[in-house]
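Predicted model, so just to flag it, every value in this text is computed and none were measured. Within every chain, numbering begins at 1; the chains are lettered A, B, ... in the order of the sequence lines, protein sequences first and strands thereafter.
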Amino acid sequence: MKTVPRNLVSLSVSTPDGIFTAHYSERGLAGINFPSKQNPAATREPENVPTKIQAWHRLTSAALKRVVAGEAPGKFPPFDLSAGTEFQCAVWQAMLQIQSGQAKSYGEIAQAIGKPKAVRAVGGACGANPIPVLVPCHRVIAAGGKIGGFSSDMNWKRTLLKREGVIVS
DNA sequence: CCACGGTGGTAGA
DNA sequence: TCTACCACCGTGG
C-alpha cells in the first residue's frame, strides 16, 4: 500500500462504546479509528470544517451508531478509498454487499471477486480496511463458522457479530 | 485435535 | 528483483 500524503480532517463520534474518530479527505470518508484509551482527539471542531464535511460527518455518526448497536447502517457518506490497491478495493466493495446480520467466509469473498484462490490475500485486505464497522470487515469470518482474526481488538469483532445476531463457533 | 502444502497479494530490503 | 510474512482452506493423520 502506498502512502499518499493527504490533508485529513478528523472529527469525533461519541457512542456508548467510546469515542470513535472519523477522518475525511476532500473526496469523502477516508478512515475510522476505534476508541482508544489515549482518546485520539478530533483535530478540529465540527463548526470549523466545510459544510460538505459536516454533512458527511452527520451521516457517518448516524451510521456508526446504528451498526455499533447491531442495526442496519442507513445512508453512507461517500467513501474515499483511494489509499487502497485495486485488489483491496474489490474486497472492500464485496464486503459492503454483506447485509447486517449476515456473514461470509474469506473464501466466499475471494470467489465473489473472481479470484477463488486468493483466499489468504482476502484476509490481508480485510486487515487493511481503513473504514472498519461501516465497511463491515467484522462480517468476514473463517470457513466452518469459525471466528477468524481481526486487526485490532478481537473483542470488537465478537461484539459486533453478536449484536447483529450472528452465531460463531 | 495438529501438521502441512497450496495458494495470491503486500511490504520491505 | 527476491523474500518473508499472512485475519485462509482443504486434506490427512
Side-chain angles (χ1 to χ4, degrees), chain A residues 1-8 10 13 15-25 27-40 60 63-73 76-77 79-169:
Chain A
M1 181 172 96
K2 59 183 57 175
T3 50
V4 180
R6 286 182 298 174
N7 291 356
L8 295 181
S10 300
V13 183
T15 77
D17 296 288
I19 300 175
F20 289 75
T21 308
H23 308 282
Y24 300 89
S25 74
R27 298 171 60 90
L29 176 63
I32 285 181
N33 291 344
F34 286 103
S36 76
K37 281 151 192 146
Q38 61 262 30
N39 208 356
T60 299
L64 192 54
K65 287 173 185 175
R66 288 197 196 102
V67 176
V68 159
E71 302 164 9
F76 287 138
F79 293 152
D80 179 3
L81 274 47
S82 59
T85 66
E86 196 175 333
F87 177 83
Q88 287 166 341
C89 288
V91 171
W92 300 336
Q93 198 59 42
M95 293 194 296
L96 285 168
Q97 309 302 316
I98 312 175
Q99 292 169 338
S100 179
Q102 296 194 325
K104 288 194 181 209
S105 71
Y106 298 94
E108 286 175 312
I109 297 293
Q111 199 155 348
I113 64 175
K115 303 195 175 187
K117 286 183 274 194
V119 189
R120 293 188 81 165
V122 166
C126 289
N129 169 28
I131 313 181
V133 186
L134 295 196
V135 178
C137 53
H138 60 279
R139 297 186 192 131
V140 185
I141 63 179
K146 292 191 292 295
I147 181 74
F150 206 61
S151 344
S152 52
D153 210 345
M154 273 292 300
N155 220 343
W156 273 110
K157 187 170 184 176
R158 292 185 196 282
T159 301
L160 291 171
L161 285 174
K162 184 172 183 180
R163 288 179 187 169
E164 294 182 8
V166 175
I167 312 295
V168 292
S169 57

Peer 1: Which residues pass the salt bridge (charged side-chain N to carboxylate O under 4.0 Å, His left out) test with Arg120(A), not counting sequence neighbours?
Peer 2: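 Residues passing salt bridge (charged side-chain N to carboxylate O under 4.0 Å, His left out) with Arg120(A): none at all.
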Peer 1: For Tyr24(A) and Thr60(A), does a side-chain donor sit closer than 3.5 Å to a side-chain acceptor?
Peer 2: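 Result is yes, a qualifying pair exists.
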Peer 1: Taking only residues two or more places apart in sequence, or in another chain, which ones meet Gln102(A) in a side chain to side chain contact (heavy atoms under 4.5 Å, CB included)?
Peer 2: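 Partners of Gln102(A) by the side chain to side chain contact (heavy atoms under 4.5 Å, CB included) criterion, ordered by chain and then number, come out as Ile98(A), Gln99(A).
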Peer 1: Please list residues of residues 100-112 of chain A whose heavy atoms come under 4.0 Å from any atom in DNA chain C, ordered by number; otherwise none.
Peer 2: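 Contacting residues: Ser105(A), Tyr106(A), Gly107(A).
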Peer 1: Sequence neighbours left out, cut at 3.5 Å: what donor-acceptor pairs do the side chains of residues 146-153 of chain A make with other protein atoms?
Peer 2:
from      : atom 1 : to        : atom 2 : distance (Å)
Lys146(A) : NZ     : Ala143(A) : O      : 3.2
Asp153(A) : OD1    : Asn155(A) : N      : 3.4

Peer 1: Quick test: give all pairs of protein nitrogen or oxygen and nucleotides 3-8 of chain B nitrogen or oxygen below 3.5 Å, distance rounded to 0.1 Å.
Peer 2:
from   : atom 1 : to        : atom 2 : distance (Å)
dG6(B) : O6     : Arg120(A) : NH1    : 3.0

Peer 1: Quick test of your reading of the model: are Arg139(A) and Glu164(A) salt-bridged, counting only N-O distances below 4.0 Å?
Peer 2: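 Result for this pair is yes, salt bridge flagged.
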Peer 1: For Lys115(A), which residues count as a side chain to side chain contact (heavy atoms under 4.5 Å, CB included) partner, sequence neighbours excluded?
Peer 2: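 If we apply the side chain to side chain contact (heavy atoms under 4.5 Å, CB included) test to Lys115(A), skipping adjacent residues, the hits are Phe87(A), Ile113(A), Ala118(A).
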Peer 1: Does the Ser169(A) side chain pair with the main chain of Gly145(A), one donor and one acceptor, at a distance under 3.5 Å?
Peer 2: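 At least one qualifying donor-acceptor pair exists.
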Peer 1: With heavy-atom distances below 4.5 Å as the criterion, would you say the side chains of Ser100(A) and Glu71(A) are in contact?
Peer 2: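 Answer no - side chains too far apart.
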Peer 1: Hey, are the side chains of Leu29(A) and Phe76(A) touching, using non-hydrogen atoms and a 4.5 Å cut-off?
Peer 2: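 No; the side chains remain at least 4.5 Å from each other.
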Peer 1: Could I get the full list of side chain to side chain contact (heavy atoms under 4.5 Å, CB included) partners for Pro130(A), not counting sequence neighbours?
Peer 2: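 Residues passing side chain to side chain contact (heavy atoms under 4.5 Å, CB included) with Pro130(A): Trp92(A).
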Peer 1: Quick check for you: name the first and last nucleotides of DNA chain C, 5' to 3', having an atom under 4.0 Å from a heavy atom of chain A.
Peer 2: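 With heavy atoms of chain A under 4.0 Å away, the range is dC6(C) to dG10(C).
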Peer 1: Is the number of heavy atoms from other residues, nucleotides or ligands under 6.0 Å of Glu108(A) CD greater than 12?
Peer 2: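 Check passes, neighbour count above 12.
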Peer 1: Just to be sure I follow the notation: if a pair is Watson-Crick (purine N1 to pyrimidine N3 plus N6-O4 or O6-N4) or a G-U wobble (N1-O2 and O6-N3), each under 3.5 Å, what dot-bracket string does DNA chain B give, with | for pairs to another strand?
Peer 2: ||||||.||||||
Peer 1: Residues from residues 142-152 of chain A sitting under 4.0 Å of DNA chain C, heavy atoms only?
Peer 2: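 DNA chain C contact set from residues 142-152 of chain A: Ala142(A), Ala143(A), Gly149(A), Phe150(A), Ser151(A).
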Peer 1: Going by the rule salt bridge (charged side-chain N to carboxylate O under 4.0 Å, His left out), which residues pair with Arg158(A) if we only count those two or more places apart in sequence or in a different chain?
Peer 2: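 Arg158(A) satisfies salt bridge (charged side-chain N to carboxylate O under 4.0 Å, His left out) with no other residue.
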Peer 1: Who are the side chain to side chain contact (heavy atoms under 4.5 Å, CB included) partners of Ala112(A), not counting sequence neighbours?
Peer 2: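 In terms of side chain to side chain contact (heavy atoms under 4.5 Å, CB included), with neighbours along the sequence ignored, Ala112(A) is linked to no residue.
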Peer 1: Between CD of Gln88(A) and OG1 of Thr85(A), what distance do you get to the nearest 0.5 Å?
Peer 2: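 These two atoms lie 3.5 Å from each other.
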Peer 1: Side chain of Arg163(A), backbone of Gly70(A): donor and acceptor closer than 3.5 Å?
Peer 2: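 Checking the backbone N and O of Gly70(A) against the side chain of Arg163(A), no donor-acceptor pair under 3.5 Å is found.
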